[in-house]
Amino acid sequence: AWIAGHYVVDDGLEPADAVVVLRGGPDEQQLRTEEARRLVGKRYAPILMASVYEKPFWGRPQRQFIEEYLKQEGFPAQQIRFCENTADSTAEEARALRACLRQMGARQVIIVTSEYHTRRARFIFRQAFSGSGIVPRIHPVYNGEYWDKHWWRKRRWAKTFLDETMKLVWSAIELGILRIEERREQPEVRSWNPSRVLRSRVQSFGRRGARQQSVRGYRQRQKAFIL
């Protein structure tokens, strides 16, 4: 329970430019969308942005299912935005959302996702949004069908816990590989070394002195020849 409890993080709620719903299974995404709708209704943000898969489902764009659900719940259509993408991981989804949010000029966003996914989502979104000017705040949604900190008591909970553990480890490895590649691409910057600078200056003075002596010797030879 102690380990699983550390998978859950909550950055708290503050006014934002948009509440973002991350993709998930049908049950998961419905719960996340309901929570996002509630937050917009409480005026934490004026816009609900849903991340949806770009490819059609049963011949219909997936955004239509969410649009119809929100319309049925009385949610204003003008407050809905969609970020269609083909992301195959949370990292890819974060990069897609970064582009969508920058396009709408967002600066503060609330990311709504399932409890067990919050720590990994925070880790990934902070990295993906670094330097973008967009600040993500993670907000958890509890789903007792899929997750509980007492994960060993149900098969479904255990499956979610083990799956999320593997994804956390892989995310850390993926980030490490990315940083190594970034370092390799950067030009080598030589650190300032006082002894190296002093040695370089001594050598420079030595070469300058040698040139001056050579010039003086040449002039003396010229003078002797003329005399």
Side-chain angles (χ1 to χ4, degrees), residues 1-14 16 18-40 44 48-55 57 62 65-66 69 83-98 100-101 109-130 134-181:
W2 179 82
I3 296 175
H6 280 72
Y7 283 21
V8 182
V9 297
D10 185 348
D11 291 331
L13 292 170
E14 289 186 5
V19 178
V20 179
V21 183
L22 298 190
R23 279 168 41 192
D27 294 341
E28 294 279 76
Q29 191 149 9
Q30 183 176 347
L31 285 174
R32 296 173 186 180
T33 303
E34 288 174 356
E35 179 63 9
R37 177 175 63 86
R38 185 186 73 83
L39 294 177
V40 174
Y44 280 104
L48 185 157
M49 176 178 281
S51 172
V52 295
Y53 198 55
E54 191 176 276
K55 295 182 180 179
F57 181 73
Q62 295 194 22
F65 294 99
I66 298 176
Y69 166 74
C83 183
E84 294 183 304
N85 57 79
T86 57
D88 191 43
S89 67
T90 303
E92 291 181 5
E93 186 177 20
R95 289 191 287 270
L97 282 164
R98 170 176 166 156
C100 291
L101 290 165
V109 295
I110 299 169
I111 309 290
V112 179
T113 190
S114 303
E115 266 196 345
Y116 61 83
H117 184 228
T118 51
R119 180 165 294 279
R120 183 162 58 93
R122 178 203 271 174
F123 174 73
I124 290 171
F125 272 85
R126 285 183 176 178
Q127 295 296 325
F129 284 17
S130 176
I134 304 172
V135 179
R137 300 183 69 84
I138 304 298
H139 180 71
V141 178
Y142 177 68
N143 183 358
E145 291 294 321
Y146 281 82
W147 163 260
D148 190 88
K149 64 180 181 180
H150 302 96
W151 55 271
W152 60 90
R153 294 181 179 175
K154 283 188 179 181
R155 182 180 178 276
R156 174 70 263 184
W157 295 350
K159 185 176 179 181
T160 300
F161 172 77
L162 295 172
D163 185 52
E164 188 61 23
T165 300
M166 287 189 292
K167 289 178 179 178
L168 267 169
V169 172
W170 175 249
S171 294
I173 293 172
E174 197 172 36
L175 178 62
I177 293 171
L178 180 63
R179 285 180 173 172
I180 291 171
E181 290 176 349

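From a predicted model like this one, the values you see are computed outputs, not experimental measurements. Just the heavy atoms: all of them, side chains too, but no hydrogens, waters or symmetry mates, feed the values below.
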Q) Does Val40 have any side chain to side chain contact (heavy atoms under 4.5 Å, CB included) partners at least two apart in sequence or in another chain, and if so, which? A) Val19, Leu48, Phe75, Gln79
Q) Sub-3.5 Å donor-acceptor pair from the side chain of Trp152 to the main-chain atoms of Trp157, do we have one? A) no
Q | Heavy-atom pair of closest approach, residues Asp88 and Glu92 | A | N-OE1, 2.7 Å
Q. Are any side-chain N or O atoms of Ser171 and backbone N or O atoms of Lys167, one a donor and one an acceptor, separated by less than 3.5 Å?
A. yes
Q. Nearest heavy-atom pair of Ile138 and Pro140: which atoms, and what distance?
A. O-CD, 4.1 Å
Q.
According to side chain to side chain contact (heavy atoms under 4.5 Å, CB included), who are the partners of Ile66, at least two apart in sequence or on a separate chain?
A. Gln29, Thr33, Ala50, Val52, Leu70, Phe82
Q. Can you list the residues that meet the salt bridge (Lys or Arg N to Asp or Glu O under 4.0 Å) rule with Arg153, with sequence neighbours excluded?
A. none
Q. Who pairs with Arg122 by salt bridge (Lys or Arg N to Asp or Glu O under 4.0 Å), at least two apart in sequence or on another chain?
A. Asp11
Q: Return the set of residues passing side-chain hydrogen bond (donor to acceptor under 3.5 Å, both in side chains) with Arg156 (not counting sequence neighbours), or none when no residue passes.
A: Thr160
**Q.** Rounded distance (nearest 0.5 Å) linking atom OH of Tyr7 with atom OG1 of Thr165
**A.** 2.5 Å
(Q) For Arg32, is there an ion pair with Glu35 - N to carboxylate O distance below 4.0 angstrom? (A) no
Q. So how far is it from Arg23 CZ to Glu28 CD, rounded to the nearest 0.5 Å?
A. 13.5 Å
Q | Listed partners of Phe129 passing ring-ring contact (aromatic ring centres under 6.0 Å, His included), at least two apart | A | Phe125
**Q.** Point-to-point distance, once rounded to the nearest 0.5 Å, from CD1 of Ile173 to CG of Leu168
**A.** 11.0 Å
**Q.** Non-hydrogen side-chain atoms of His139 and Leu39 separated by less than 4.5 Å
**A.** yes
**Q.** Shortest non-hydrogen separation from Ala91 to Ile124 and the atoms involved
**A.** CA-CG2, 3.6 Å
Q) Can you name the salt bridge (Lys or Arg N to Asp or Glu O under 4.0 Å) partners of Glu14, sequence neighbours left out? A) Arg137
Q.
Which residues pass the side chain to side chain contact (heavy atoms under 4.5 Å, CB included) test with Thr86, not counting sequence neighbours?
A. Tyr53, Glu54
Q | Minimum-distance pair of heavy atoms, taken over all atoms of Met49 and Cys83 | A | SD-CB, 4.1 Å
Q: For residues Leu101 and Val20, determine if any side-chain heavy atom of one lies less than 4.5 Å from a side-chain heavy atom of the other.
A: yes
Q.
Using the side-chain hydrogen bond (donor to acceptor under 3.5 Å, both in side chains) criterion, which residues pair with Arg120? Sequence neighbours excluded.
A. Thr90, Glu164
Q) How long is the gap from CD1 on Ile111 to CZ on Arg126, to the nearest 0.5 Å? A) 11.5 Å
Q: With sequence neighbours left out, write down each residue that passes salt bridge (Lys or Arg N to Asp or Glu O under 4.0 Å) with Glu115, or none if nothing qualifies.
A: none
Q) What residues, two or more places apart in sequence or in another chain, satisfy side chain to side chain contact (heavy atoms under 4.5 Å, CB included) together with Glu34? A) Gln30, Leu31, Tyr69
Q | Ser51: side-chain hydrogen bond (donor to acceptor under 3.5 Å, both in side chains) partners, not counting sequence neighbours | A | Asn85, Glu93
